Visitor: 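Please find one structure pasted underneath; my questions will follow.
Fair warning: this is a prediction, and the values are worked out from it, not measured in the lab. Naming: A, B, ... by sequence-line order, numbering from 1 per chain. We use all heavy atoms of the structure for the numbers below, so side chains are in, but hydrogens, waters and symmetry mates are not.
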Number of protein chains: 2
Amino acid sequence: MNLKQLSETLGLSQTTVSRALNGYPEVKEETRERVQAAAAKHGYRPNSWAKGLATGRSMVIGHVIPSSSQHEMVNPIFGDFVAGAAKTYADHGYDMMFSNAEDTSIEKAYRNLFQRGAVDGVVLQGPKVNEPRIEVLTRMGVPFIVHGRSTGVTSPYDWIDVNNKRSFQRATQFLIDLGHRRIALINGLEDMDFAKRRRDGYLAALNEAGLEPIPSLMRSAEMTEVYGHHETRGMLQLDHPPTAILCSSMISAVGVRRALDEAGLRMGQDVSVIAHDDDLSYLKNGQDVPIFTATRSSVRMAGELAAEMLINRIQAPSEPVMTQLLEAELVVGRSTGPAPN
Amino acid sequence: MNLKQLSETLGLSQTTVSRALNGYPEVKEETRERVQAAAAKHGYRPNSWAKGLATGRSMVIGHVIPSSSQHEMVNPIFGDFVAGAAKTYADHGYDMMFSNAEDTSIEKAYRNLFQRGAVDGVVLQGPKVNEPRIEVLTRMGVPFIVHGRSTGVTSPYDWIDVNNKRSFQRATQFLIDLGHRRIALINGLEDMDFAKRRRDGYLAALNEAGLEPIPSLMRSAEMTEVYGHHETRGMLQLDHPPTAILCSSMISAVGVRRALDEAGLRMGQDVSVIAHDDDLSYLKNGQDVPIFTATRSSVRMAGELAAEMLINRIQAPSEPVMTQLLEAELVVGRSTGPAPN
DNA sequence: CAATGTTTTCAAAGCGCTTTGGATACTCGA
DNA sequence: TCGAGTATCCAAAGCGCTTTGAAAACATTG
């Protein structure tokens, strides 16, 4: 059933029915109720496409997921972030659209999305250092929000991020205070902005304590379980293995633990481990006592907040830039302890 | 730039330009090239909404993600499944839309999506036993595909599923052949169809071997890491603990391993473990030698295939029902071994 | 060269909605 | 009772595309 039919049923004009349904004031309250009742009865839903055409707003937010032929990795935080965002979108009447694009043609994908009028705004996930996509979107003058930030991008833009530097600085400090001197960093790909900032925090803490960074203890790659295992195993075979490991992801930390177990080392005694915990729903960090000492920040909440900010931006395109820096909490679990002598 | 402007630029009618761009035959090849060149030059993209309105097809596929206030769980396979599907959609010119809906109002969400004309078809994920959504969609007469199946639903419908029963039957048999008699099952929520089928397979194998199922060794809940740990820990405290554990998810299996480690038990020697492996990109089952003996089936590939099937269905609504049953492979890793005596 | 057939192009209708610019009905004070 | 002001409703234009039905241009044949 469409507007025309509904209005004929009611003996009203399309104008009036449309207005009644969209809450405009120039319609008698009694009429409005009659219209709403009829709409509910016939299950009338305005056609999205016609509405989009007429209003010029799509009420859709786009997310572009990069697919690369090389690393077929799906970011494990994807699901939780999206779940958070989706809820906020739904509350505000927005739909959520995903586009897939080759790594190389992401810019084209964004351009396409907007030129087609398919979306009112986009969320940019996983920014790299000097992220070119940010400049593209800025130049296009479209509403967008970055989940994360991008070192090196000077033009202002909306973002929401965790204070990665501070949280890793604190975590490193915590280990230093426990007497650790050989602290490893198992980090994400360091062209990713978050990974760079974490390394910066790690290095800052070492520096502050007068410790020289040890290159062989700093690893960087995509954060899978296997990667955590592989690097840990490798480092344990060094002449001077680390007494503590800082790990950028809970999933990799699982691999770290596996490597320690295989080597017969006790986590929290022989080797201390701190992980970053995105508070993923399927990988909670224990129940009462945390398994890992961790820097924790809910990525789901970040999704909710990012969505909220983007919707604000869409409604007020010329407001000054909005940013939000979340602090991760340092939760102390069983995986850390004083350095062995 | 829109069609009208583009056609004026070219000195052609909108009709001709539209046809040239959409590959209709009744346009001179030379003209077509001229049009395409101009379109590319001006970065013309037909407006999605206008196109949708005019054609009646939305070129969008919907996915509804249930959000429940009780269990805030995001299915960890979500990301990989979606990544697979998104790729196929993109190849066929479809977009992908997500809607969020309360557990209780999912039916309404589907109805809404179609009545608004927002989607041409939907993917139904995570079907339960006697899944009511299937009947709803069938009655609505809309294209959809189920990832999984639903025991108890008698009307025919398109689905793609892993042979869960057989794979768990084989896995159980494998353990029995190794001499295990007390085999635990750490399963998903058993109102989920996949979990029911896995239990059926497990029970069938026990039955075939003349073994009595032991209720205290059969657990069922949402498959988190913590859950795997908790149940394993509980079962190890029984008077007669299991010598082998069958686990419905790699993530829970990580928890299982943690519990075994804590108890000082060696996986594959003291206790054997088999997990179901969805081949998630961030949680690969080892590199050369698998960590876990596992029943493996790529959920990403399932996403690709599901998308393909749905697109076929959309293009041929009245074709007979299509189904696809994937066999999981049983990969043997280090986590299984002969039963201790 | 006229008649016929085939290409190639176009004007205009229509998809279902919102919104502008009036029209009509109603209210109320003078 | 009249006129101004307000509340309520409506006809029609327009959003940007596809597609129908017809016209124009061109090619082919007897």
Visitor: Round to a whole Å and report the spacing from CG of A:N47 to P of D:dC17.
Guide: 17 Å

Visitor: Please report the distance, rounded to the nearest Å, between CG in B:N22 and P in D:dG16.
Guide: 17 Å

Visitor: Treating primed atoms plus P, OP1 and OP2 as sugar-phosphate and everything else as base, which nucleotides of nucleotides 4-11 of chain C get B, S or - for protein heavy atoms under 4.0 Å?
Guide: ----BBBB

Visitor: Looking at D:dC17, C:dG16, C:dT18, which one has an atom nearest to any side-chain atom of A:T55?
Guide: C:dT18

Visitor: Respond yes when some side-chain nitrogen or oxygen of B:Y24 is under 4.0 Å from OP1 or OP2 of D:dT18, and no when none is.
Guide: no

Visitor: May I ask you to verify if any side-chain N or O of B:K51 is less than 4.0 angstrom from the OP1 or OP2 atom of D:dG16?
Guide: no

Visitor: In terms of side-chain heavy atoms of B:P46, which of D:dT19, D:dC17, C:dC17 is nearest?
Guide: D:dC17

Visitor: Could you check whether A:R111 pairs with A:E107 (Lys NZ or Arg NE/NH1/NH2 to Asp/Glu carboxylate O, under 4.0 Å)?
Guide: yes

Visitor: Mind calculating the distance between CZ (B:R57) and P (C:dG14) to the nearest angstrom?
Guide: 21 Å

Visitor: Can you measure B:W49 atom CH2 to C:dC17 atom C1' for me and round it to whole angstrom units?
Guide: 13 Å

Visitor: So A:F98 and A:F78, would you call those rings parallel, tilted or perpendicular, with 30° and 60° as cut-offs?
Guide: perpendicular

Visitor: Would you call A:D191 and A:K128 a salt bridge, taking side-chain N to carboxylate O under 4.0 Å as the test?
Guide: yes

Visitor: Whole angstroms only, please: what is the CG-C1' distance between A:L6 and C:dT18?
Guide: 15 Å

Visitor: Are B:R32 and B:E29 ion-paired here, with the side-chain N under 4.0 Å from a carboxylate O?
Guide: yes

Visitor: Just compare C:dG16, C:dT19, D:dC17 and give me whichever is closest to any side-chain atom of B:Y44.
Guide: D:dC17

Visitor: Tell me: CG of B:L21 to P of D:dT19, nearest whole Å?
Guide: 13 Å

Visitor: To the nearest Å, give me how far apart CZ (B:R45) and P (D:dC17) are.
Guide: 13 Å

Visitor: Name the orientation class of the two ring planes belonging to A:Y89 and A:H63 (parallel below 30°, tilted from 30 to 60°, perpendicular beyond 60°).
Guide: perpendicular

Visitor: Run the salt-bridge test on A:D161 and A:R149 with the 4.0 Å N-O cut-off and return the result as yes or no.
Guide: yes

Visitor: Examine D:dC17: is either OP1 or OP2 under 4.0 Å from a nitrogen or oxygen in the side chain of B:S18? Give yes or no.
Guide: no

Visitor: For B:L53 and D:dG14, what is the distance between atoms CG and C1' respectively, to the nearest whole Å?
Guide: 12 Å

Visitor: Salt-bridged, B:R313 to B:D158, with N to O below 4.0 Å?
Guide: yes

